Amino acid sequence: MNDKIAVIGGGASGLAAAIAASENGKHRVVVYESGARVGRKILATGNGRCNMTNINADIQNYHGTDTRFILGAKNRFWVNETIDFFEKLGVVITTEPDGKVYPYCNKASAVLDVMRLKLEETDNADIVTSFEVSSVRRKDGVFLLKTYDGREDTADKTIIATGGKAAPNLGSKGAGYEILKSFGHKITPLRPSLVQIKTETDVVKRLKGIKLDALVTIGGESEYGETLFTDYGLSGPAIFAISSRINGEKTVSLDIMNRYGCNELHAMLRERAALRENTALENFFTGMFPNRVGQAILKCAGVAPLSRRAGTLGTDEITRICALIKKWDFKITGTMSWNNAQVTKGGALTNEFDPVTMESKIVKNLYAVGEVLDIDGDCGGYNLQWAWSSGCLAGRSAGK
Ligand SMILES: Cc1cc2nc3c(=O)[nH]c(=O)nc-3n(C[C@H](O)[C@H](O)[C@H](O)COP(=O)(O)OP(=O)(O)OC[C@H]3O[C@@H](n4cnc5c(N)ncnc54)[C@H](O)[C@@H]3O)c2cc1C
């Protein structure tokens, strides 16, 4: 047997890397996992169903300093190869009409179990759990791995697959960034992504618990879907999805009547005011929006008092109400924390790695894969795709 390959982190990218690295049987491959079990985050993905990939995955679904970095993977190990990889491991796969790919049984454990089983059945692969790597150094031509509790091991090649900082309760606490920094790699600023958005709370707090379908826009990018008002700001699938596009923007806008154009909405509201001329404004929107939302719209549009009759609404007031319904602005004050986030924005600067092998251009035989790199994807299977692709490419290269 030739060299020993250490994979640090038994998550999505690390397990994929270990399977690929052990494939040709030339090397001994050891996965070092800090937790008592590997793949805890995989089990939490897709609400426990594991949205493994997306058949539409392309460069525009990814973010980072240089997203062209993913082209190395896209041209070699992408969606079809991923589906093939998992089918060969035994997962029966289904693709939903929106392109999202899941195990047919809708259980994330199916994805983790086949990977674990494959490594258990592979003679030249081992998994070592409860081994939390604190540092990796180059010493006498090998990598020296140390743990926080003083244990040591060595390897000829090392793949950093420690994940980012999102969802630290599932194991990823950011150790990989420090390890890569110690080898001279640059880390771009880190932020939570696929996460709830904090806004000024005076309006949202009063609407807490209400869900609306809305077109959510931040800095020219939009997502349509369910949006939930909370006491700290906004949540829901559309908000999670758009959060990956936040880049210093200060405003999130909701269009809560997306299927109506401005003129059409204006005419509809004028007609409504005429039809309900004796209805108090506080009930003007009954049948159109939840009452609390209707009242908040009137307040934000400066239409008062709510005891007035709808018939007294002037054209200017209707114009202001219309504008607000089509573009309801909320000042962004931040996002929720790492504990709530699904992925990390930012990471190890990709131009310091080879996009085909994921090997460091600074240190030979050192690789980085998955979320620790400065690549993050949209919501919808894209992040796991990146984990599988980068992991398999690094594993194959290290295992050659
Ligand atoms: C709730 C939730 C749902 C998600 N759903 C989806 C989804 O459906 N589809 C999708 O595409 N993406 C989803 N994601 C994102 C996706 O899970 C991640 O992007 C992906 O798991 C990243 O893979 P990774 O291998 O880089 O990191 P991880 O999967 O986080 O794995 C890192 C591993 O390294 C271990 N580790 C960390 N530090 C050390 C250390 N010092 N020593 C040893 N081991 C260490 C950790 O314990 C962990 O097991 C979801 C994320 C969350 C939090």
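Note that the structure is a prediction, hence the values are computed from the model and not measured. In listed order, ligands and their atoms are each counted from 1.
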Backbone or side chain, does any N or O of [X] fall under 3.5 Å from an N or O of ligand 1?
X      : result
Ala341 : no
Glu371 : yes
Ala175 : no
Thr45  : no
Glu33  : yes
Cys50  : no

Using a 4.5 Å cut-off on heavy atoms from C-beta on, say whether the side chain of Trp386 contacts that of Ile70.
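Ile70 vs Trp386: side chains touch.
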Val203 side chain near Trp328 side chain, heavy-atom distance below 4.5 Å
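Yes. Closest side-chain heavy atoms under 4.5 Å.
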[X] contact mode with ligand 1 (heavy-atom cut-off under 4.0 Å):
X      : value
Ser13  : both
Phe131 : backbone
Lys41  : side chain
Arg40  : side chain
Ser34  : both
Val343 : side chain

Among protein heavy atoms, which sits nearest to [atom], and what does the distance come to when rounded to 0.1 Å?
atom                    : answer
atom 16 (C) of ligand 1 : Leu384 CD2, 4.0 Å
atom 9 (N) of ligand 1  : Asn51 O, 3.0 Å
atom 27 (O) of ligand 1 : Gly163 CA, 3.3 Å
atom 40 (C) of ligand 1 : Val133 N, 3.7 Å
atom 51 (C) of ligand 1 : Gln342 O, 3.3 Å
atom 33 (C) of ligand 1 : Gly11 N, 3.6 Å

In Å, rounded to the nearest 0.5 Å, how long is the span from [atom1] of [X] to [atom2] of [Y]?
X      : Y      : atom1 : atom2 : result
Tyr102 : Thr45  : OH    : OG1   : 9.0 Å
Leu170 : Ile42  : CG    : CD1   : 11.0 Å
Asp378 : Asn56  : CG    : CG    : 11.5 Å
Thr230 : Lys205 : OG1   : NZ    : 10.5 Å

Between Asp316 and Thr319, is a side-chain hydrogen bond (donor to acceptor under 3.5 Å, both in side chains) present by the stated rule, with each step listed?
CA-CA 5 Å; Asp316 276 7; Thr319 303; 5.1 Å; no
Partner of Arg28 by salt bridge (charged side-chain N to carboxylate O under 4.0 Å, His left out), out of Asp123, Asp126, Asp153
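Passing option: Asp126.
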Can you sort out which atoms of ligand 1 are near [X], meaning under 4.0 Å from one of its heavy atoms?
X      : answer
Tyr32  : 43 (C), 44 (N)
Ala387 : 23 (O)
Gly9   : 33 (C), 34 (O), 35 (C), 44 (N)
Ala44  : 1 (C), 3 (C)
Gly370 : 26 (O)
Gly46  : 5 (N), 6 (C), 7 (C), 8 (O)
Gly381 : 9 (N), 10 (C), 11 (O)
Thr162 : 32 (C), 34 (O), 37 (C), 38 (N), 39 (C)

With side-chain contact (heavy atoms from CB on, under 4.5 Å) as the criterion, how do Ile8 and Phe143 come out once you've worked through the C-alpha distance, each side chain's angles and the decisive distance to 0.1 Å?
CA-CA 12 Å; Ile8 304 180; Phe143 290 97; over 6 Å; no
Out of Ala161, Ala12, Ser130, whose heavy atom is nearest to atom 32 (C) of ligand 1?
Ala161
Are Glu132 and ligand 1 in contact, using a heavy-atom cut-off of under 4.0 Å?
yes
For ligand 1, is there an atom lying under 4.0 Å from some heavy atom of Ala166?
no
Heavy atoms of other groups near Phe289 CZ, more than 12 under 6.0 Å
yes
Is the count of non-hydrogen atoms from other residues, nucleotides or ligands lying under 6.0 Å from Lys198 atom NZ greater than 12?
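Incorrect, the count does not exceed 12.
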Apply the side-chain hydrogen bond (donor to acceptor under 3.5 Å, both in side chains) test between Asp376 and each candidate in Gln342, Lys345, Arg191, His63; give the one that qualifies.
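Considering Gln342, Lys345, Arg191, His63, a side-chain hydrogen bond (donor to acceptor under 3.5 Å, both in side chains) with Asp376 is found only for Lys345.
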Please collect all side-chain hydrogen bond (donor to acceptor under 3.5 Å, both in side chains) contacts where either partner lies in residues 267-296, sequence neighbours excluded, each pair once.
His266-Arg270, Thr286-Asn291
Sorted by first residue and then second, give each side-chain hydrogen bond (donor to acceptor under 3.5 Å, both in side chains) pair with at least one member in residues 164-189; sequence neighbours left out.
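Listed by first then second residue: Lys41-Ser172, His185-Glu352, His185-Ser360, Lys186-Glu352.
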Given side-chain contact (heavy atoms from CB on, under 4.5 Å), test Leu180 with Leu366 step by step and report yes or no.
CA-CA 9 Å; Leu180 287 168; Leu366 178 71; 4.2 Å; yes
